[in-house]
Amino acid sequence: MRTIKHLVLLVVTVSLMSWCCAMAPAYAADDLAARLQAVLEKGPETAFWQVSADEVYEMIKAKKTDYVVVDARPSATEFSEGHIPGAIKIQVQDMFKPESLKKLPKDKKVILMCGTGQVQNLPVLGLRALGYDAHLMAFGYTAWAKGYRGGQRMQDTIQNAADMIFPIEK
């Protein structure tokens with residue numbers, strides 16, 4: 001009789017553990033989605049965490065220490081070709097690696113920038129959900145460096161839209 005009770009208890013325990021393991025990813029995904037949604041809902045209050053190149057320049061001139069600029073351009077060589085003074089390099093594709101996150105202070109404003117202001121958008125929501133005070137430098141390095149190739153890419157894209165006259169639905 002004892003053996004049957006133990007067997008039933010074992011079967012129930014294993015079944016419950018299997019069910020919990022199967023359901024864990026769904027709960028984790030729901031929790032993650034809820035956290036990301038909560039962050040996104042706060043975006044409009046702050047223009048989606050954007051700062052201008054002028055604001056970054058003023059912080060540098062004032063010798064503020066409550067921020068860090070993160071150069072997130074995906075190419076390893078672009079940083080060595082020129083970067084914002086004091087910036088640290090973490091390529092966008094490496095942003096969530098443990099060694100990268102260790103470089104980011106949670107007690108300072110983390111200003112992400114890339115070439116044109118597009119790629120830097122990828123990690124901002126995740127960083128904010130993780131508790132970082134992450135921001136974006138509007139238009140990236142193109143807004144910082146006169147004649148930077150990103151600006152030419154942006155102009156080419158705008159010209160292409162004008163030339164092509166893509167359809168618009170209303």
Side-chain angles (χ1 to χ4, degrees), residues 28-166 168:
D30 289 346
D31 181 54
L32 179 58
R35 287 175 60 197
L36 293 173
Q37 182 59 40
V39 171
L40 263 179
E41 287 174 359
K42 294 178 184 174
E45 300 167 12
T46 61
F48 291 95
W49 315 289
Q50 292 206 33
V51 296
S52 69
D54 291 339
E55 290 172 288
V56 173
Y57 181 61
E58 290 302 319
M59 287 183 236
I60 292 170
K61 281 190 348 188
K63 297 183 186 330
K64 290 191 172 199
T65 59
D66 61 345
Y67 74 98
V68 62
V69 175
V70 178
D71 191 316
R73 290 179 284 181
S75 168
T77 59
E78 287 181 293
F79 189 78
S80 63
E81 293 171 0
H83 56 272
I84 294 173
I88 63 171
K89 175 69 179 158
I90 302 176
Q91 290 172 244
V92 69
Q93 62 269 29
D94 297 332
M95 195 66 63
F96 292 102
K97 289 182 176 179
E99 61 270 20
S100 297
L101 292 174
K102 286 179 185 172
K103 295 177 184 177
L104 301 177
K106 283 197 172 181
D107 62 340
K108 294 182 179 188
K109 184 182 284 191
V110 175
I111 303 170
L112 303 170
M113 53 80 40
C114 66
T116 61
Q118 297 174 55
V119 171
Q120 68 196 24
N121 292 316
L122 298 171
V124 72
L125 187 60
L127 289 173
R128 291 194 74 82
L130 290 172
Y132 293 93
D133 187 17
H135 297 263
L136 305 161
M137 191 172 88
F139 303 104
Y141 199 63
T142 296
W144 191 266
K146 181 178 180 180
Y148 180 67
R149 62 182 164 265
Q152 185 59 52
R153 278 188 245 140
M154 292 169 79
Q155 290 174 359
D156 292 346
T157 300
I158 292 166
Q159 187 58 52
N160 184 58
D163 293 343
M164 294 297 294
I165 309 173
F166 294 113
I168 298 173

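For the numbers below, each heavy atom of this structure counts, side chains included, while hydrogens, waters and symmetry mates do not. Worth saying up front: this structure is predicted, and the values here are computed from it rather than measured.
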*What pairs with Ser100 under side-chain hydrogen bond (donor to acceptor under 3.5 Å, both in side chains), at least two apart in sequence or on another chain?*
none
*Say you draw a straight line from CD1 of Ile90 to CG of Leu104; how long is it, rounded to the nearest 0.5 Å?*
4.0 Å
_Under a 3.5 Å distance rule, please check whether Gln93 uses its side chain to pair with a backbone N or O of Pro74 as donor and acceptor._
yes
*Do any pairs count as a side chain to side chain donor-acceptor pair (under 3.5 Å) and have a residue in residues 62-73, sequence neighbours left out, and if so which ones?*
Asp71-Arg73, Arg73-Tyr148
*At what distance, to the nearest 0.5 angstrom, does CG of Leu130 lie from CE of Met95?*
12.0 Å
*Which heavy-atom pair separates Pro105 from Val110 by the least distance, and what is that distance?*
O-CG2, 3.6 Å
*Taking all non-hydrogen atoms of both residues into account, name the closest pair between Gly117 and Asn121 and its distance.*
O-ND2, 2.8 Å
*Where at least one partner belongs to residues 110-126, residue pairs that pass salt bridge (Lys or Arg N to Asp or Glu O under 4.0 Å), sequence neighbours excluded*: none
*asked:* As an exercise, state the distance from CG of Leu136 to CG of Leu112, rounded to the nearest 0.5 Å.
replied: 6.0 Å
*asked:* Any non-hydrogen side-chain atom of Ile111 less than 4.5 Å from a side-chain atom of Met59?
replied: yes
_To check you understand the geometry: which heavy-atom pair defines the closest contact between Ala53 and Ala143, and what is its length?_
CB-O, 3.6 Å
*Determine whether Phe166 and Asn160 make a side-chain contact, defined as any pair of heavy atoms from C-beta on separated by less than 4.5 Å.*
yes
_If the condition is ring pair (Phe, Tyr, Trp, His ring centres under 6.0 Å), which residues does Phe139 pass it with, not counting sequence neighbours?_
none
*asked:* Is there a side-chain contact between Val56 and Val51 in this structure, where contact means two heavy atoms from C-beta onward sitting under 4.5 Å apart?
replied: yes
*Quick one: do the Glu41 and Gln37 side chains pair a donor with an acceptor below 3.5 Å?*
yes
*In chain order, what residues pass the side-chain contact (heavy atoms from CB on, under 4.5 Å) check against Asp133, with sequence neighbours excluded?*
Lys109, Arg128, His135
*Does atom NZ of Lys42 have more than 12 heavy-atom neighbours, drawn from other residues, nucleotides or ligands, at distances under 6.0 Å?*
no
*Roughly how far, to the nearest 0.5 Å, is NZ of Lys89 from OG of Ser75?*
6.5 Å
_4.5 Å side-chain heavy-atom contact, Met113 and Ile84_ = yes
_Counting only heavy atoms from other residues, nucleotides and ligands, does the tally under 6.0 Å from CZ of Phe96 exceed 12?_
yes
*Residues in side-chain hydrogen bond (donor to acceptor under 3.5 Å, both in side chains) with Glu45, at least two apart?*
none
_Less than 4.0 angstrom from a charged side-chain N to a carboxylate O is my criterion; do Arg153 and Asp156 meet it?_
no
*Minimum heavy-atom separation for Cys114 to Gln118, with atom names?*
SG-N, 3.4 Å
_Sidechain-backbone polar pair: Asp94 side chain, Gln91 backbone, donor-acceptor under 3.5 Å_ = no
*What's the shortest heavy-atom distance between Arg35 and Ala129, and which atoms?*
NH2-O, 2.8 Å
_Closest non-hydrogen atom pair between Phe48 and Leu40, with its separation_ = CE2-O, 4.0 Å
